[in-house]
Amino acid sequence: MKIFDEVESDVASYARSFPRVFNKAQGEFMYDTEGREYLDFLGGAGTLNYGHNNPKLKEALIEYIHADGITHGLDLHTTAKADFLDTFREKILRPRNMDYIVQFTGPTGTNACEAAIKIARNVTGREGIVAFTNGFHGVTLGSLAATGNSHHRGAAGTSLGGVHRAPFDGYLGDGIDTTAYLDKVLSDSSSGFDHPAAVIVETVQGEGGINCASMEWLRNLSEVCQRHEVLLILDDIQAGCGRTGSFFSFEEAGIYPDIVTLSKSLSGYGLPFAVVLMKPEHDQWRPGEHNGTFRGNNQAFVTARAAIDHFWSDDSFALDVQRKGRYVAERLQAIVDKFGEGNLTSRGRGLMQGLNCVSGELAEAITKRAFKKGLIIETSGAEDQVIKTLCPLIISDESLKRGLDILEECVAEVLAGDAVVPEEKDYFGERESAPTTPTAAA
Ligand SMILES: *Cc1c(COP(=O)(O)O)cnc(C)c1O
């Protein structure tokens with residue numbers, strides 16, 4: 001569309017993969033201005049775990065706006081903030097035996113990571129941060145230094161210091177516990193590895209290609225950190241909020257990181273919101289040392305609280321995500337078995353699953369074709385070689401099946417050498433259900 005070409009910066013990226021103008025969304029569906037329906041397996045890159053415009057959250061938000069609730073209040077005490085903190089403590093932290101202080105940062109994931117890194121440096125009086133191969137923590141300079149991807153790092157235009165890189169779980173092949181390396185260099189005063197302030201890690205590397213750390217590796221990492229008095233920062237921005245089948249992605253490992261960052265699906269509604277959770281002894285901030293005009297987005301407090309009340313009052317939602325996750329894993333494995341020829345592989349946890357196509361070109365051909373058939377799905381990894389399924393967790397079984405059917409069809413067609421990308425009109429005509437416009441109450 002002309003206005004975007006003329007006025008918007010070339011920096012936009014998702015818009016290139018999905019060049020349509022979208023004007024409506026509900027649940028797992030998006031609609032463009034021509035009335036076409038798309039199944040959303042991108043889910044705001046993990047921001048829309050409860051779907052687009054979730055009715056329960058929307059209701060709470062509209063009610064709050066109608067009552068002239070506080071929209072912006074810097075970090076002032078508000079009832080919306082009190083209610084969020086209360087619900088977060090009672091339904092998320094306490095049932096998991098987590099005694100953590102909540103810091104509201106600027107409302108982006110990268111700002112939460114910046115704050116986490118700053119606390120760790122201030123608390124320990126040390127500078128170094130250990131980050132992992134293929135890790136992604138955001139694109140502001142502190143977080144970017146911890147990010148592995150050279151495309152993102154290259155845009156910094158300045159040196160990115162203060163970070164040591166270590167191999168993530170599986171980086172050196174199966175059966176090699178890479179935490180042993182960290183343990184060794186931290187034990188050896190001549191390793192050339194200055195004693196760091198913290199280690200920052202994702203349990204499943206979302207942008208890095210759905211690389212999953214095993215629970216044993218996470219436990220070993222936590223032990224290595226404790227042994228060497230290095231803080232463990234767990235970046236749960238993408239894998240958290242239910243994506244892997246539990247609220248926090250590290251629960252199954254039984255570890256208690258010193259610091260946890262959350263953002264993406266925390267507001268539940270796609271509203272900007274980020275927090276840092278830290279063990280009370282690490283909350284050594286002096287007033288205002290880390291601030292941000294939009295820290296504490298009150299409308300996000302309202303939807304985040306509604307999301308926790310609605311989805312996390314018992315374990316039924318988590319169990320349902322686990323069930324759907326097993327189904328996706330089975331379907332991807334079936335695609336690998338059927339078409340892989342030893343090349344394709346699948347990996348993931350919960351509803352954070354990936355199909356590794358090894359080649360970025362192959363992955364792109366498949367996702368491009370999928371888009372023509374009404375499925376929005378993206379790739380990640382160093383070469384964009386991993387197709388990742390990040391559908392909303394509330395997706396219906398029928399839609400989940402339909403999305404995976406489309407994916408399988410596209411893999412088959414692309415591997416069969418069908419290089420011609422189909423015109424979308426051919427396909428939309430063939431769909432069982434005609435595109436519908438969602439009703440407000442849907
Ligand atoms: C998306 C993401 C970030 C950065 O969040 P922004 O809101 O884009 O700044 C940081 N860490 C992880 C693991 C992410 O997935």
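Note: hydrogens, waters and symmetry copies are ignored here, and every other heavy atom, side chains too, is used. All ligand and atom numbering here is 1-based and tracks the order in the structure. The residues of the chain are indexed from 1 along the displayed sequence.
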Does the side chain of Thr147 come under 3.5 Å of the side chain of Asn149 through a donor N or O and an acceptor N or O?
no
Assess whether a salt bridge exists between Glu202 and Arg243, defined as any Lys/Arg side-chain N lying under 4.0 Å from an Asp/Glu carboxylate O.
no
Assess whether a salt bridge exists between Lys401 and Asp405, defined as any Lys/Arg side-chain N lying under 4.0 Å from an Asp/Glu carboxylate O.
yes
Report the residues that fulfil side chain to side chain contact (heavy atoms under 4.5 Å, CB included) with Gln322, sequence neighbours left out, ordered by chain and then residue number.
Ala318, Leu319, Arg326
Holding to side chain to side chain contact (heavy atoms under 4.5 Å, CB included), I want the full list of residues that pass it with Arg96, two or more places apart in sequence or in another chain.
Ile92, Met98, Phe247, Phe248, Glu251, Trp312
Could you give all pairs that pass the ring-ring contact (aromatic ring centres under 6.0 Å, His included) test and reach residues 381-408, with sequence neighbours left out?
none
Write out each pair where an N or O from ligand 1 and one from the protein are under 3.5 Å apart, with the distance.
from: ligand 1; atom 1: 7 (O); to: Gly109; atom 2: N; distance (Å): 2.8
from: ligand 1; atom 1: 9 (O); to: Gly109; atom 2: N; distance (Å): 3.4
from: ligand 1; atom 1: 9 (O); to: Thr110; atom 2: N; distance (Å): 2.8
from: ligand 1; atom 1: 11 (N); to: Phe136; atom 2: O; distance (Å): 3.3
from: ligand 1; atom 1: 11 (N); to: Asp235; atom 2: OD1; distance (Å): 3.4
from: ligand 1; atom 1: 11 (N); to: Asp235; atom 2: OD2; distance (Å): 2.7
from: ligand 1; atom 1: 15 (O); to: Gln238; atom 2: NE2; distance (Å): 2.8
from: ligand 1; atom 1: 15 (O); to: Lys264; atom 2: NZ; distance (Å): 2.7

